[in-house]
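Everything on this sheet refers to the single structure shown next.
Sequential numbering from 1 along the given sequence is applied to the chain's residues. Just so you know, ligand 1 is whichever comes first in the structure, and atom 1 is the first atom listed for that ligand. Quantities reported herein were computed from a predicted structural model and do not represent experimental measurements.
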Amino acid sequence: MDTNKIIDEVKIEEIIEAGKKVEARYIQDIIQKGKEAKGISLEEASALLQIEDASLLSELFQAASEVKNNIYGKRIVVFAPLYTSNECTNNCLYCGFKVSNKNLNRRTLNVDETIYEAQEIVNQGHKRILLVCGEDTRKTNIKHITESLKAIYDTTDIRRINVNAAPMSVEDFRLLKEAGIGTYQIFQETYHRETYKKMHPSGLKKNYDYRLLAINRAFEAGIDDIGIGTLLGLYDYRFDVLATLMHAQYLEAEFNVGPHTISVPRLRPVVNTVLEETPYNITDVEFKKIIAVYRLTLPYTGIILSTREPAELRDELFNLGVSQVSAGSKTNPGGYHFNDEEAEQFETSDGRSLNEVLQVICKQGHLPSFCTACYRANRTGEAFMELAKGAEIHEFCQSNAILTFKEHLLDYGNNELCKVGNELLENALEEILNDKIKKETIDKLKETEKGKRD
Ligand code: SAM
Ligand code: SF4
C-alpha cells in the first residue's frame, strides 16, 4: 500500500501555506464554526494553528473549553501507566529506553511483579491502566503482553487495560483482542518521513510504513478502539498536528471509525541521555493551541494528557479540552515500589498523587470519572461514536461518573478530597435533567454507600 496516500506531505505543506494567508476576521469565523462541535477542515485547522494574536488565542481556548463541556460534560477520566519493561532493541534518539543507552538499569517484570505493581496502582484508587513496554521480540513479545493483561484482570480490581506497545502482526493483534485490550495506542512520533528516518536510525522501528499501517492491521484483527498521536518536539508541530488529523480522517473514511483518543506527548529530558538535535521546542502557548485545535477539529475524540507536563500547566489544561489524564505516574518498570531514576523512560513533571490531582480537578468544577462501562458493554469503535454523538450519552456518563467517583471517595478518599468531592457530587447530581436517570442514580448511590461496587 502506498502510504503517501494516507500522509501526503506535499498536501500538508500546501495546507500550512494556505493557513498562513487567512485573515484575522476569517479566523473568528472558523472559531465560531468550531464551537458548533461538528468539526472543521484541515485548512481551517491550519489557520488556527498559525494564530499568534493574544486575543484570538484566548477566543480559541474559550471555544475549545466550550466544546469539551458540551460533549463530555465536566467529566475527566483518570488512569495510570504501568511499565512492564524498559528493554528495547530500537534506538529512538529521544527515548531513555533506546538500546544504545548503556546507563539504563534494564528490567522486564514477570507476571508476579506485574500484579504487584498493578495492585499498588489499585491501592491509589485507579481502575484503568495503560500498559507500556519497550520493543524486544525476546522479552516484550505478544506472550509477555497478553499474560500481563490476563494476570492483571484476573487478580486485581483494574477494569480496563489500554496498551501502548510496538506495532504487531494481525495474528498478534487478534491475541491482544482476545486478552481483552481496551484501547491500542501507537504514536507515529513524527509523520515527517525524513525526520522519522533521522530519529529512528536502527531496529524494527526504522520502518515508517509498518508503524503507520499498524492501525489498519489492528482493525483487521477486530480492535476498533485506537489511540494515535505525535511526539511533539521532534518536528514542526504544524506539520505533525495536521498529519495526525489527516491520519484520523483517513481512518474515519476507511474504517468508519476515527481514533478513540489522541495523545499529546511533548518531549521530556531523559536521565543520562542528551537529544542533540531539538530545534523544534514547543512553547506552552503552542502546546495549548495544539490541544484546542485538536478539540475543535475532532470534537468526539478523547484527548489524553500525561504527567510529562508540569502541575500548573496541567491544571490549566483540564479546562481546555482534555478528557483523560494520568496521575501518580511512574515511567520505570517496578516504579510503583522502587524509585529508580536510572530505569526511567523520561522524567515526569507532575509528581502529585492521584488524590492531590483529583482535588484540583474537583476544585475546578470538573468531575473525575473512573467509569469503564462502555468498554464492558462492548460500546467501542463505531458503536461508541454513534452513542457519543447522541444527546443521551451526557446523562448516562454523568451518572456513571458520579457513581464511580463516589466509590473512589468511599474506598480511597482522604478527608480533604472527600470534602470537595462530596460537594461536587451533589451539584453533579442536580445537573442530571432526565428524572428517570436521576432517580436511578440516587438509588444506586445509596447502594454504593452500603458497599455495592460497580
Ligand atoms: N516502545 C513502544 C513504542 O515506541 O511504540 C511503546 C511505547 S514508548 C515506551 C511510549 C511513548 O513514549 C513513545 O511512543 C514516545 O512517543 C514517548 N516518548 C519516548 N521518549 C520520550 C521522551 N523523551 N519524552 C516524552 N515522551 C517520550
Ligand atoms: Fe524503544 Fe519505544 Fe523508547 Fe523507541 S520509544 S526506544 S521503541 S521504548
Side-chain angles (χ1 to χ4, degrees), residues 81-104 106-109 130-142 144-145 148 162-168 172 176 181 183-191 195-196 198-208 210-212 214-215 218 226-235 237 240 244 261-278 280-282 287 304-310 326 329-333 335 341 343-350:
L82 194 168
Y83 279 69
T84 58
S85 175
N86 59 6
E87 302 201 61
C88 192
T89 47
N90 289 316
N91 213 4
C92 313
L93 296 192
Y94 44 83
C95 177
F97 294 173
K98 64 183 173 185
V99 66
S100 63
N101 185 3
K102 302 295 177 209
N103 298 314
L104 193 79
R106 304 270 172 186
R107 183 171 182 203
T108 297
L109 303 185
L130 171 66
L131 190 143
V132 188
C133 57
E135 178 172 26
D136 181 332
T137 47
R138 290 156 310 161
K139 305 273 176 73
T140 62
N141 48 29
I142 190 66
H144 164 84
I145 299 174
S148 304
N162 301 332
V163 174
N164 185 328
M168 46 191 97
D172 285 358
L176 202 53
I181 186 180
T183 306
Y184 173 65
Q185 266 188 14
I186 182 163
F187 309 149
Q188 188 63 21
E189 318 298 10
T190 172
Y191 286 91
T195 308
Y196 187 93
K198 239 193 296 177
M199 292 292 158
H200 306 100
S202 63
L204 293 169
K205 194 162 164 181
K206 244 174 98 171
N207 190 335
Y208 177 103
Y210 187 73
R211 192 168 181 88
L212 187 70
I215 294 174
I226 296 292
I228 62 174
T230 176
L231 179 53
L232 298 164
L234 295 185
Y235 186 59
Y237 73 88
D240 270 331
T244 309
T261 55
I262 288 192
S263 298
V264 286
R266 180 163 60 155
L267 204 56
R268 292 283 305 149
V270 171
V271 174
N272 286 332
T273 308
V274 183
L275 178 56
E276 281 132 32
E277 286 183 56
T278 45
Y280 297 104
N281 180 39
I282 310 260
F287 189 63
I304 304 183
L305 179 69
S306 74
T307 56
R308 288 175 180 86
E309 301 306 326
S326 52
S329 308
K330 304 288 176 210
T331 71
N332 57 311
E341 258 195 4
E344 284 176 356
Q345 189 192 11
F346 51 81
E347 293 171 24
T348 55
S349 188
D350 182 352

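Within 4.0 Å of ligand 1, protein heavy atoms belong to Y94, C95, V132, C133, G134, N164, A165, A166, F187, E189, K205, R211, L231, R266, L267, R268, V270, R308, Q345, F346, listed by chain and number.
Remark: S148 pairs with no residue by the side chain to side chain donor-acceptor pair (under 3.5 Å) rule, at least two apart or across chains. Under the ring pair (Phe, Tyr, Trp, His ring centres under 6.0 Å) criterion, Y208 pairs with Y196, not counting sequence neighbours.
Between H144 and T108, the side chains place no donor N or O within less than 3.5 Å of an acceptor N or O (distance only, hydrogens not considered).
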Criterion side-chain contact (heavy atoms from CB on, under 4.5 Å) on R138 and T89, from CA distance to verdict:
CA-CA 10 Å; R138 290 156 310 161; T89 47; 4.2 Å; yes

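Here the side chains of S349 and R308 are not in contact, with every heavy-atom distance at 4.5 Å or above. When side chains are defined from C-beta on, D172 does not count as touching I145, because their heavy atoms never get closer than 4.5 Å. In this structure the side chain of N90 never reaches within 4.5 angstrom of the side chain of F97, judged on heavy atoms. Within the 4.5 Å cutoff, side-chain heavy atoms of K205 are placed close to those of C92. Between Y280 and L267, the closest side-chain pair of non-hydrogen atoms is not below 4.5 Å.
Closer than 2.8 Å to atom 4 (Fe) of ligand 2 sit the protein N, O or S atoms C92 SG.
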